[in-house]
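Just so we're clear, the structure is a prediction, and the values are computed from it rather than from any experiment.
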Amino acid sequence: MAKNLVYDIHDKPKFGNLIIFAIQQLLAILAATIAVPTIIGLPTQIPAAILGAGVGTLVYQLFTKFRSPVFLGSSFAFLSSLGVALAYGYYGILLGSLVAGLVYVVIALIVKLIGTDWVNKLMPPVIIGPTVTIIGLSLAGSAMGDIVKANADSVNGGYNLVGLVCGVVTFLTVIICSTQKKYTMPKLIPFILGIIAGYAVASVFTVIGLVANIEYLQIINWEPVVKNFVNEEGAFQGIKAFFSLPKISIVEAIKEVVTGTLSQEIIDATPIKDAVTDEVIGSYAKIIDIGGAVEVVVAFLPVALVVFAEHIADHKNLSTIIDRDLIKDPGLSRTLLGDGVGSMMGTAFGICPNTTYGESVGCVAITKNASVITITTTAFMCILLSFFSPLMAVLQTIPSCVMGGVCLTLYGFIAVSGLKMFKDLDLNENKNLFVVSAILIAGIGGLSIQIPYALAENGAVAKTIQVTSIATALILGIITNAVLTKVEGKKKEK
């Protein structure tokens, strides 16, 4: 067994414990997984996103021979790309996902042919360390924004001090459970206990707020649960109150082609409304022509090439946590194939491309549970629960502030995992200092690459594809390292 792990990769917890651990993984990845469909204007697709995450993770585990304990969920890297694809309906999203997945497949084949030595040369610890740190730090703003929000409060610009109290209770519960030495179980399920504690406190404030008619104290919005059981007329929903079929992308795409019109939720999506008017929106529901296909490909291709580097960073980070080199076993070619094909399948059943999740890695790091069967069980659980509408409704009621308290620990562990890689770096050496500083400053500062691909009639840039700040910082670090390595080589020659 790897050092400090309670459960190693191939360990099998008892059934009861396994279910609890899987629920914890589900809660850890929940906020980010459901955030993507919400951000792109498709909140009705939350069940599909959870279904797609489960399917994508199972595919990933099959390709990696169940040797890599990480979960796949909705990728934030493709947000701007999805905004472009939405203009062409569900089949635009499917085309974009196919492009992104094929990039991973092609790179996997190249790795299979020439090996992985070039990976360590391209991205040594001096690059991977600060990049992993940036992944954690870049999420800090999201976590701290959530920790002061209440699901039911719309006043005071979204800031809620009571919400902060609930978030801090969640945070303190997680860290106390993780660090206490008397009981074993709390150390393995700190997130579940943290969410329960935060939700309980939030419920007390909410009840008081409802009774006293004080909106500021109404931290939880239980409306999704109510709507799940009764419709707008107050009638019982029937079987839909317990089971409902997620809107699977490939099925919805076929419907759009058959009917010749976009789905209503696509029409209502913000990116669509910003791009076209309702009068011409029907023209986008036809089979994509060459121009449209090129537009989608251009939107997804460069992002997929860069996210590949983040894939390596995630797996190197996880390798240090579980004390196994995942780049060698199961191998980078297998993890890339699993990620690529898993992303394509996840989109077909869900709504957006998937990627390996830092939240999942953080959960493994904190709980010391690297059991792959836990990840696999979580995937099956996501698939089943996506059809179980009451639970989907309850999950939507978890306050943002409570999830913010959980993410405070998860994102912090990701950042610290990157800092741990600094221990073998000599930062007194100018080369290392410049590479690390370039990545940190570019990443924290939010530097991004925006690639223009369409011009307006007046010559101004009309549309751009944005490469995330993490990916941009990574690219800058690779270039900086390559240039300084070349300079060092010339000095040695002299």
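The side-chain heavy atoms of I127 and L474, taken from C-beta on, include a pair separated by under 4.5 Å. Contact annotation: the side chain of T57 never approaches that of T378 to less than 4.5 Å [non-hydrogen atoms, C-beta and beyond]. Contact annotation: the side chain of Y216 approaches that of L161 to within less than 4.5 Å [non-hydrogen atoms, C-beta and beyond]. V406 is not listed as a side-chain neighbour of L27, based on a closest heavy-atom distance of 4.5 Å or more. Residues L332 and H311 have side chains in contact (heavy-atom distance under 4.5 Å, counting atoms from C-beta outward). By the 4.5 Å heavy-atom criterion applied to side chains, T335 and T64 are counted as neighbours. Side-chain contact between L408 and V174 is absent, with no heavy atoms from C-beta onward closer than 4.5 Å. Residues Y183 and C177 fail the side-chain proximity criterion, which asks for heavy atoms closer than 4.5 Å.
The local environment of CZ in F349 is sparse, with at most 12 non-hydrogen atoms from other residues, nucleotides or ligands closer than 6.0 Å. Within 6.0 Å of CZ on F380 lie no more than 12 heavy atoms contributed by other residues, nucleotides or ligands.
No donor-acceptor pair under 3.5 Å is formed between the side chain of S371 and the backbone N or O of D8. Although no hydrogens or angles enter the test, the distance criterion places a donor-acceptor pair under 3.5 Å between the side chain of S343 and the main chain of N354. A donor-acceptor distance shorter than 3.5 angstrom exists from the side chain of N228 to the backbone of A241, with no hydrogens or angles considered. For the pair T206 (side chain) and I220 (backbone), a donor-acceptor distance under 3.5 Å is present. Proximity of a side-chain donor or acceptor of Q237 to a complementary backbone N or O of K227 within less than 3.5 Å is detected.
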Distance-only donor-acceptor pairs under 3.5 Å for side chains of residues 72-79, two or more places apart:
unit_1: S74; atom_1: OG; unit_2: T33; atom_2: O; d: 3.0
unit_1: S75; atom_1: OG; unit_2: A77; atom_2: N; d: 3.2

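In this structure K420 satisfies the salt bridge (Lys or Arg N to Asp or Glu O under 4.0 Å) test with no other residue, sequence neighbours excluded. For S68, the side-chain hydrogen bond (donor to acceptor under 3.5 Å, both in side chains) criterion is met by Y60, not counting sequence neighbours. Y411 is linked by a side-chain hydrogen bond (donor to acceptor under 3.5 Å, both in side chains) to E359, counting only residues two or more places apart in sequence or in another chain. By the salt bridge (Lys or Arg N to Asp or Glu O under 4.0 Å) test, K247 is found to be paired with E265, residues two or more places apart in sequence or in another chain being considered. Partners of S469 by side chain to side chain contact (heavy atoms under 4.5 Å, CB included), not counting sequence neighbours: none found. Under the salt bridge (Lys or Arg N to Asp or Glu O under 4.0 Å) criterion, R334 pairs with no residue, sequence neighbours left out. A search for side-chain hydrogen bond (donor to acceptor under 3.5 Å, both in side chains) contacts involving Q180 returns nothing, not counting sequence neighbours. With sequence neighbours excluded, no residue forms a side-chain hydrogen bond (donor to acceptor under 3.5 Å, both in side chains) with T367. Partners of L337 under the side chain to side chain contact (heavy atoms under 4.5 Å, CB included) rule, at least two apart in sequence or in another chain, are F63, V105, A108. Under the salt bridge (Lys or Arg N to Asp or Glu O under 4.0 Å) criterion, D325 pairs with no residue, sequence neighbours left out.
Paired with T170 under the rule side-chain contact (heavy atoms from CB on, under 4.5 Å), one option of T409, I196, V402 passes, and it is V402.
Rounding to the nearest 0.5 Å gives a distance of 12.5 Å between CD1 of I107 and OG of S333. Separating the CG atom in L86 from the OG atom in S81 is a distance of 11.0 Å, to the nearest 0.5 Å.
Sorted by first and then second residue, the ring pair (Phe, Tyr, Trp, His ring centres under 6.0 Å) pairs with a member in residues 12-33 read Y7-F21; sequence neighbours excluded.
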| query | R324 and D329: salt bridge (charged side-chain N to carboxylate O under 4.0 Å, His left out), yes or no, with the steps? | reply | CA-CA 8 Å; R324 293 172 182 265; D329 182 23; 5.2 Å; no
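Closest of all the heavy-atom pairs between Q45 and S249 is NE2-OG, 4.5 Å. Nearest heavy-atom pair, S203 versus W222, reported as atom, atom and distance to 0.1 Å: OG-CZ2, 3.9 Å.
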